[in-house]
Amino acid sequence: MPDLATPLAAWYRDNARDLPWRRPGFGAWGVLVSEFMLQQTPVNRVVPHLERWLTRWPTPAALAADAPAEAVRQWANLGYPRRALWLHRAAVEIRDRHGGVVPLDVDQLLALTGIGDYTARAVAVFAYGDRHPVVDTNTRRVLARAVDGRSQPGPPSRHDLTAMEALLPDDIRAAAVVNAAAMELGATVCVARVPRCEACPVAAQCAWRAAGYPDTGDTRRRQARYEGSDRQARGAVLKTLRDAAAHAVPLTEVVPDWPDAGQRDRAIDSLIADGLAEASDGLLRLPG
DNA sequence: CACGCGTGGGT
DNA sequence: TACCCAAGCGT
């Protein structure tokens, strides 16, 4: 297999975007918060939210001291608000189990609420400089193309970590750069729909390009329609709660004009079941 | 392992 | 207009 790490690292040094969490000394808490926000939300939308979040809660203990409702409200329109709840829980766990310090150990990170294979290694590598394979959807696409000669990656699997590990140099700092470089390449050049191969530092080594860009068929799951979905209903309910100045809304005033009243009520129940809302005395509110 | 889970911008 | 896409996670 051709060497991908060297050209990737060289390209990254010259082309990496200047993002807040890449600044030296940004801190493990800042990196962790950024990774939560970046789970399925685009970089450009995350940046301003991240700065506001860290100004309000500069440490895990500061967030843990506030109610979950405050985290969900501050999360605003970033989407998937359960992440705000999970981030708050993780902050409580960090305070209670780790003395308020974001752990470095991958297994300890994995044990925190809302942290999985990607986020645990991203924090260990990008915040603490440890050596692990960090594999997100961008990296999986880069590996699928450059190494496997496919147009799109297959479903996520544990093998992804093995494949990335095989590319990493032994040197710890160099390995961190290659991890970041693969993600950055997938995010800015080797993009899903229209890859910019003319700007790619590993075009000469790319198995997909060498094979003539075969369409391997897209095995990715298709996203369910949003219009009219339960998710849309949940989003409308939660927006009502976030925006309520009184912090509590009579159940009769929670999106009363929703086209499907049954769907709205199921949305309310599911939000309560998820811990994103609480009901009492005919009022609905964010979790206290 | 496949699914459900928000929101907004691009084509 | 619809659909695609975005640094995943828990179940």
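By convention in this document, chain letters (A, B, ...) are assigned in the order of the sequence lines, proteins followed by strands, and residues within each chain are numbered from 1.
Under the side-chain hydrogen bond (donor to acceptor under 3.5 Å, both in side chains) criterion, A:Arg231 pairs with A:Tyr80, sequence neighbours left out. The side chain to side chain contact (heavy atoms under 4.5 Å, CB included) search around A:Ala71 returns A:Trp53, A:Leu63, A:His88, not counting sequence neighbours. Listed by chain and residue number, A:Glu70 satisfy the salt bridge (charged side-chain N to carboxylate O under 4.0 Å, His left out) test with A:Arg56 (two or more places apart in sequence, or in another chain). A search for side-chain hydrogen bond (donor to acceptor under 3.5 Å, both in side chains) contacts involving A:Thr137 returns nothing, not counting sequence neighbours.
Between the CG atom of A:Leu276 and the P atom of B:dG6 there is a distance of 7 Å, rounded to whole Å. The CG-C1' distance, from A:Asp274 to B:dC3, rounds to 14 Å in whole Å. To the nearest angstrom, C1' of B:dG8 lies 13 Å from CD of A:Glu227.
A:Phe36 comes within 4.0 angstrom of no nucleic acid atom, judged by non-hydrogen atoms across all strands. The residue A:Arg242 sits close only to the backbone: its heavy atoms come under 4.0 Å of sugar-phosphate atoms, none of a base. A:Pro81 comes within contact range of the sugar-phosphate backbone alone, with a heavy-atom separation under 4.0 Å but no base atom that close.
Rounded to a whole angstrom, the distance from the P atom of B:dG8 to that of C:dC9 is 23 Å.
B:dG4 and C:dC9 make up a base pair, with Watson-Crick or G-U wobble contacts both under 3.5 Å.
With respect to A:Arg131 and A:Asp171, no salt bridge is recorded, no charged nitrogen being found less than 4.0 Å from a carboxylate O.
A:Trp208 forms part of a hydrophobic cluster together with A:Tyr213, judged by ILVMFWY side-chain heavy-atom separations under 4.5 Å.
Contact annotation: A:Asn77 does not reach the phosphate of B:dG6 (side-chain N/O to OP1 or OP2, under 4.0 Å).
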**Prompt:** Taking protein heavy atoms under 4.0 Å as touching, what does nucleotides 3-11 of chain C look like 5' to 3' if B marks base contact, S marks sugar-phosphate-only contact and - marks none?
**Reply:** SSBBBBSS-
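Each of A:Ser157 and A:Ala76 has a nearest nucleotide on DNA chain B; the 5'-most of these lies closest to A:Ser157.
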